[in-house]
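Let me begin by presenting the structure, written as structure tokens, before commenting on it.
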Amino acid sequence: MDPLKLPRQEFADALGKISSRLGLAEVPEIEKTRRYGYFSARFHKYKIDPTRLRDAVEELSNAGFQYISGLSAEGLYVNAGLNARRLGELVFEAVAKMGRRYGFTEECRLGSFLVEHTSANPIHPLHIGHGRNAILGDSLARLLRFCDNRVEVHFYVDDCGVQVMYATIGYNAVRDEAREWIERAKPDLVVGHIYSATNAVAEIGRLKKEVERAQDDEHKRSLIGEIDEWVAVLKRLMESEGDLVAKVVERLGQRDVAGEAVELNRRYEVGDPEAKRAVREVVDLVLRGQRETLARLGIEIDKWDYESELAVWSGEASRIVEELQRKWPQYVEHKGGAVVFRADKFVEDFKLWDVLDLPKFIPPVTLTRSDGTTLYVTRDVAYALWQARQGFDKVVRVISTEQTHEQAHVRIILYALGFEDAAKKIVHYAYEMVNLPGMKMSARRGRYISLDEILDEAAERSASLVKEKSPEIAGVIAEKVGVGSVRYAFLSTSPRKPIEFRWEVVLNLRQNSGTFLQYTYVRAYSILEKAPDVERASVPERMLEEEKELLVKIAEWPSVVREAVRALRPDYVAEYLDGLALLFNSYYEKAPVLKAEEGVREFRIALVNAVKTVLEAGFYILGIPTLTKM
RNA sequence: GGGCCCGUGGCUCAGCCUGGUAGAGCGGCGGCCUUCGGAGCCGUAGGUCGUGGGUUCAAAUCCCACCGGGCCCGCCA
């Protein structure tokens with residue numbers, strides 16, 4: 001139910017009559033205006049005389065409108081306000097009927113969705129970059145579910161590739177110690193450190209060999225420069241995780257880690273049982289930790305899709321390579337055993353830019369290594385195909401903009417293989433990076449701030465503000481405030497903009513924050529806690545300006561939800577809730593509810609209840625925990 | 001060099017899709033705790049919407065060029 005539907009309809013009818021009186025072939029669109037009421041329409045493009053427009057409007061203005069008021073012509077504009085009293089009745093009726101579902105309208109039911117998000121490599125903890133992905137993806141899923149769409153959330157476990165092998169080799173080298181550490185710390189943190197150290201050792205080893213083979217001095221110098229960088233990485237890791245890193249260096253320093261990883265990767269891909277056992281042990285340890293972090297944020301995953309199973313052991317990735325070679329030999333090149341698909345030429349020849357919504361520049365894509373093992377993009381095509389076959393209308397993949405080209409490759413290859421529908425139902429939901437001031441995060445270099453760290457810090461800062469006496473409850477509240485502030489911080493910025501990570505923004509506990517919203521909810525809640533139940537509130541003849549504004553704001557909620565779900569933009573909801581909270585807090589200071597005279601009191605209670613209802617729905621969508629005291 | 005995205009008060013950002021009086025927050029300054037919870041509220045200062053052109057009765061919004069920033073252009077994921 002949308003309280004603005006009838007008023008909008010009434011205004012549209014009036015416009016229709018005006019247009020026909022003027023002999024126009026069409027009716028202008030309705031716009032929102034703040035200057036002259038609420039609805040507005042322009043007649044500029046019909047080149048009519050303003051006097052005629054005014055006359056036509058005047059003929060109508062006595063027609064006895066129910067929901068709109070003050071229909072008038074202003075130059076070539078036709079404006080009308082809302083009948084606040086009638087709107088109030090519509091709002092109360094909708095809130096009473098819909099309850100927590102208020103905001104839902106039929107138009108926001110769009111179909112069924114497979115939403116894939118987070119999909120972090122299972123070799124380190126989730127960091128703040130994954131945080132943006134997870135929170136965006138989760139809110140997208142919540143928004144779609146609020147709108148009664150079938151949604152299934154998937155996490156793609158990238159358990160293939162050389163990086164995973166580094167983590168496995170490192171873990172096995174320090175296995176006994178690692179198990180002890182894991183008893184005291186989260187497994188993903190421990191493995192993450194082992195991985196970064198192992199990766200550094202492997203890079204140093206690989207680069208040293210290259211130096212020996214290097215011919216000219218300049219090349220040598222640049223290689224040595226790279227070695228220095230990795231040595232610096234190791235040193236820094238040593239500062240924070242000394243024992244663990246030292247052990248990794250001690251046990252692996254003399255081994256050919258890079259070579260071993262390539263070999264282990266090959267064995268894993270062919271399904272060697274020993275390789276499987278070793279890799280899965282590490283991967284599942286990390287996933288346990290990642291899942292714990294996600295749970296803290298209120299994020300649940302429905303299905304965990306293992307890359308190895310769906311793409312490699314199933315033979316799907318290989319089939320894709322073979323099929324592509326069979327079907328389009330003229331677009332396939334072989335480079336020292338590696339298979340390359342000329343996606344650039346393919347797109348050019350078949351003019352696919354518009355069909356698949358592609359960027360103008362597409363590079364060629366390598367599908368296999370020379371040792372025959374698959375590459376990420378190839379496995380991803382196999383996975384995308386699998387996703388497309390799960391019976392959903394759309395597959396929304398939340399993946400950072402870095403992967404624009406790779407995601408374009410996925411669609412192009414699916415298209416080339418004849419899976420045109422699959423290619424079209426895959427949506428790359430791109431979001432921008434989270435950057436640390438002055439640097440890019442890098443898990444390989446152990447350069448990141450983990451999500452757990454942020455959540456801990458957020459909880460700690462809010463704990464100092466909690467007024468609750470019992471420390472136990474204070475801890476619970478603080479955690480929820482922390483989660484709310486972190487989620488809001490990531491959701492309130494458009495996904496298209498890079499975020500410069502700043503503690504004081506993420507942990508902002510004041511206005512334009514999750515905390516501000518939670519606090520507003522607590523205020524509304526505690527009024528209602530003390531208030532009698534109101535069955536049916538009538539809307540008074542005279543209202544405060546703030547009350548009219550609040551009613552309009554609340555009435556707009558269904559259209560905000562509609563816009564947000566249509567554009568897949570949870571941030572619209574965040575912005576709306578902030579505006580609602582600002583309005584409500586002003587109102588709160590100005591108008592006593594419980595102490596108001598009879599009649600007005602019931603109206604105000606119902607109004608506060610409507611605000612609370614919208615906040616609850618909005619909190620559900622944004623995943624902000626609801627608190628009744630803080 | 002090419003592709004995609006971004007550029008709005010001192011700072012962080014919304015508004016751009018679908019053109020119609022420039023909006024929040026932070027920070028600054030000045031106020032409000034015997035009133036339903038002050039993690040709040042009120043007031044105030046602060047903007048040629050990166051620059052130049054074009055389309056239009058009308059441009060932050062659409063088009064073109066340029067400038068500045070981010071990301072990508074791997075037998076990494």
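Every chain is numbered from 1 and lettered A, B, ... according to where its sequence line falls, protein lines coming before strand lines.
The pair A:R604-A:E547 counts as a salt bridge, with a side-chain nitrogen and a carboxylate oxygen less than 4.0 angstrom apart. For the pair A:R461 and A:E457, the salt-bridge criterion is met [side-chain N within less than 4.0 Å of a carboxylate O].
Look at B:G52: its Watson-Crick or wobble partner, with both distances under 3.5 angstrom, is B:C64. As the counterpart of B:A24, B:U12 is assigned, both hydrogen-bonding distances of the Watson-Crick or G-U wobble pattern falling under 3.5 Å. Under the Watson-Crick or G-U wobble criterion, with both distances below 3.5 Å, B:A58 has no partner in any strand shown.
Heavy atoms of A:A591 sit under 4.0 angstrom from at least one base atom. Residue contacts for A:E406: at a heavy-atom cut-off of 4.0 Å it reaches a base atom on one of the strands shown. Residue-level contact check: A:D578 touches the backbone only, with heavy atoms under 4.0 Å from sugar-phosphate atoms and none from bases. Counting non-hydrogen atoms under 4.0 angstrom, A:Y588 reaches a base of the nucleic acid.
Tested against A:R397, the residues A:H428, A:Q403, A:Q407 include a single side chain to side chain donor-acceptor pair (under 3.5 Å) partner, A:Q407.
To the nearest angstrom, P of B:C11 lies 14 Å from NZ of A:K497.
With hydrogens and angles ignored, a donor-acceptor pair closer than 3.5 Å exists between the side chain of A:S370 and the base of B:C75.
Proximity of A:R523 to the phosphate of B:G37: no side-chain N or O atom is located under 4.0 Å from OP1 or OP2.
Ring planes of A:H124 and A:H127: parallel class, angle under 30° (limits at 30 and 60°).
Straight-line distance between the C1' atoms of B:G10 and B:A45: roughly 12 Å, to the nearest whole Å.
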